[in-house]
Amino acid sequence: MKFTSLPLILLVYLSVSRAAPFSRRNATLAWPEPEPCTGNCTGVHDPSVIRREDGTWFRYSTNGNIAIATAPALTGPWTYRGAMLPSGSVIDVVDDQQLWAPDVFVIDGEYHAYYSVSISGLQTSDIGLATSVTGDVGNWTDHGSVGLPKSSDYNLIDANIFRESESAPIIFNFGSAWGDIYQTTLDDDGGSWSGDDIEQKIFNSTYPPDQDYRAISEGSFEFWWPLNGTNYYYLFFSSGACCQTADDLKAPGEEYKIMVCRSTSATGPFVDQAGKDCLTENGGTLVLGSHGEHVYAPGGQGVYHDPDSDRVALYYHYADPTIGYAYEQFQFGFNYIDLSSGWPVVTA
Ligand SMILES: *[C@@H]1O[C@H](CO)[C@@H](O)[C@H](O)[C@H]1NC(C)=O
Ligand SMILES: *[C@@H]1O[C@H](CO)[C@@H](O)[C@H](O)[C@H]1NC(C)=O
Ligand SMILES: *[C@@H]1O[C@H](CO)[C@@H](O)[C@H](O)[C@H]1NC(C)=O
Ligand SMILES: *[C@@H]1O[C@H](CO)[C@@H](O)[C@H](O)[C@H]1NC(C)=O
Ligand SMILES: *[C@@H]1O[C@H](CO)[C@@H](O)[C@H](O)[C@H]1NC(C)=O
């Protein structure tokens, strides 16, 4: 592994520095390293982080039948506890199906985990729900599909719950790789689809130079933050190729990265920092991309107000080229973001 990875890493950096214009290099140089993470910070994909009232942090992520890790702080030390659904989901989509990308949210005092059932390349995925009183390993009950209709317009993966208050509608963002990011609502207990319209919110019609299918946007995460009397709604998402191997890297810039669009309404329309519409004009503002020696293709992100530090954390998975690009080598990372300009800026 060590012998083959070194020349490839050099190759990647050579092509990055050739391709990137000066302005972009300066911007990328400005991104700080991930905050320190101790304990088990590896084998993590598409993390969802939540802090229980007793101060225990939970990290749910793609790996096995949804990996559960706990820690006394966001920085760790993280301990792997086991799988959320050890015998898988009751949903039956395809042989060899996998559970992906949990989004964990508290509704009526219970942990609700929305997970995807899929396999690479499949468009007929489904989204299921498991609930728990404590959030711990061994305390989860599977409820199966939330009942969204399948459609050739989108792919039922990467659920994200957004609820502004305990009495507000439960907004459900999902998708998609196909058709990018969609939004609808769940019924008031979060158990199933409400029947409301399913609306496309983010779409990228660009074809990357080395690809015969459209650029991928997926893994959305909505977050709101007030500024000068206005509530801003940020729809973060991951754009590009999520999971590459050292011998099959995309052209620099086409790998996973974290983007954002913003609205003054939870349901959009969303625009980027340059004012481009994120549904009709390929809008999207880069928040965090590959940078330095240790961070490649960050994505699968979420945003959480950390009550311990009273700061807003942007957490994600990434590959560290000095460690490797393999599935079990993906890293968990986070940085704090500053929203005081009205747009998220990754800060040290
Ligand atoms: C980018 O960095 C170079 C080299 O340090 C510097 O000359 C240039 O002014 C910087 N550009 C911007 C836009 O900051
Ligand atoms: C670390 O956590 C990952 C899941 O995130 C798990 O697959 C792996 O077994 C854990 N390693 C140890 C040593 O517990
Ligand atoms: C989860 O824990 C709660 C509180 O201890 C308990 O009442 C409940 O029965 C547990 N549920 C499962 C499925 O283990
Ligand atoms: C749209 O796709 C192009 C080509 O892959 C990419 O360069 C750009 O960053 C994407 N934009 C968004 C908002 O995802
Ligand atoms: C918010 O209000 C303060 C005080 O009026 C002002 O200085 C700041 O520029 C405003 N910020 C934005 C992003 O509008």
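Each ligand, and each atom within it, is numbered from 1 in the order the structure gives.
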For the residue pair R163 and F105, would you count it as a cation-pi contact if the rule is NZ or CZ under 6.0 angstrom from the ring centre and within 45 degrees of the ring axis? no
Hey, can you tell me if F174 and Y182 have their rings parallel, tilted or perpendicular (30° and 60° cut-offs)? parallel
If we number the atoms of ligand 4 from 1 as shown, the ones under 4.0 Å from a heavy atom of M259 are 12 (C), 13 (C)
Look at atom 6 (C) of ligand 5 and say which protein heavy atom is nearest, naming residue and atom and giving the distance to 0.1 Å. N228 ND2, 4.1 Å
Considering only protein heavy atoms, which is closest to atom 7 (O) of ligand 4, and at what distance to one decimal place? E254 OE2, 4.1 Å
Atom indices of ligand 5, in the order listed, that fall short of 4.0 Å to a heavy atom of L227: 13 (C)
Near G138, which atoms of ligand 3 are under 4.0 Å from a heavy atom of that residue? 14 (O)
Electrostatic pair K257:E255 at N-O distance under 4.0 angstrom: no
Taking heavy atoms and a distance under 4.0 Å, where does N282 meet ligand 4: side chain, backbone, both or neither? backbone
Does an N or O from N204, backbone or side chain, lie closer than 3.5 Å to an N or O of ligand 4? yes
How are the rings of H305 and W225 set to each other: parallel, tilted or perpendicular (split at 30° and 60°)? tilted
May I ask you to list the atoms of ligand 3 that are less than 4.0 angstrom from any heavy atom of T141? 13 (C)
Within the 3.5 Å criterion, strictly below it, is a donor on S220 or N173 matched to an acceptor on the partner's side chain? no
Near D54 CG, under 6.0 Å, is it more than 12 heavy atoms from other residues, nucleotides or ligands? yes
With side chain to side chain contact (heavy atoms under 4.5 Å, CB included) as the test, pick out the partner of V303 among Y315, F223, Y316. F223
Is any heavy atom of the protein nearer than 4.0 Å to atom 14 (O) of ligand 5? yes
Under a heavy-atom criterion of less than 4.0 Å, does G283 contact ligand 4? yes
In ligand 5, the atoms that come under 4.0 Å of a heavy atom of S340 are 13 (C)
Does ligand 4 have a heavy atom under 4.0 Å from the side chain of Q211, from its backbone, from both, or from neither? neither
Note the single closest protein heavy atom to atom 12 (C) of ligand 3, along with its residue, its atom name and the distance in Å. N139 ND2, 3.2 Å
Checking S265 against T267: is there a side-chain donor and acceptor pair closer than 3.5 Å? yes
Main-chain N/O of I181 paired to E218 side chain as donor or acceptor, under 3.5 Å: no
Quick one: nearest non-hydrogen protein atom to atom 4 (C) of ligand 3, plus distance? T134 CG2, 4.0 Å
Test item: protein heavy atom less than 4.0 Å from atom 2 (O) of ligand 5: yes
Which atoms from ligand 4 have a heavy atom of G284 less than 4.0 Å away? 13 (C)
Counting from 1 in the order shown, the ligand 5 atoms closer than 4.0 Å to a non-hydrogen atom of S341 are 13 (C)
Under-4.0 Å heavy-atom contact between protein and atom 9 (O) of ligand 3: no
Using modelled atom types and a 3.5 Å cut-off, is there a donor and acceptor pairing between side-chain atoms of W140 and backbone atoms of D136? yes
We want to know whether D308 and W57 form a side-chain donor-acceptor pair, criterion being a heavy-atom distance below 3.5 angstrom. yes
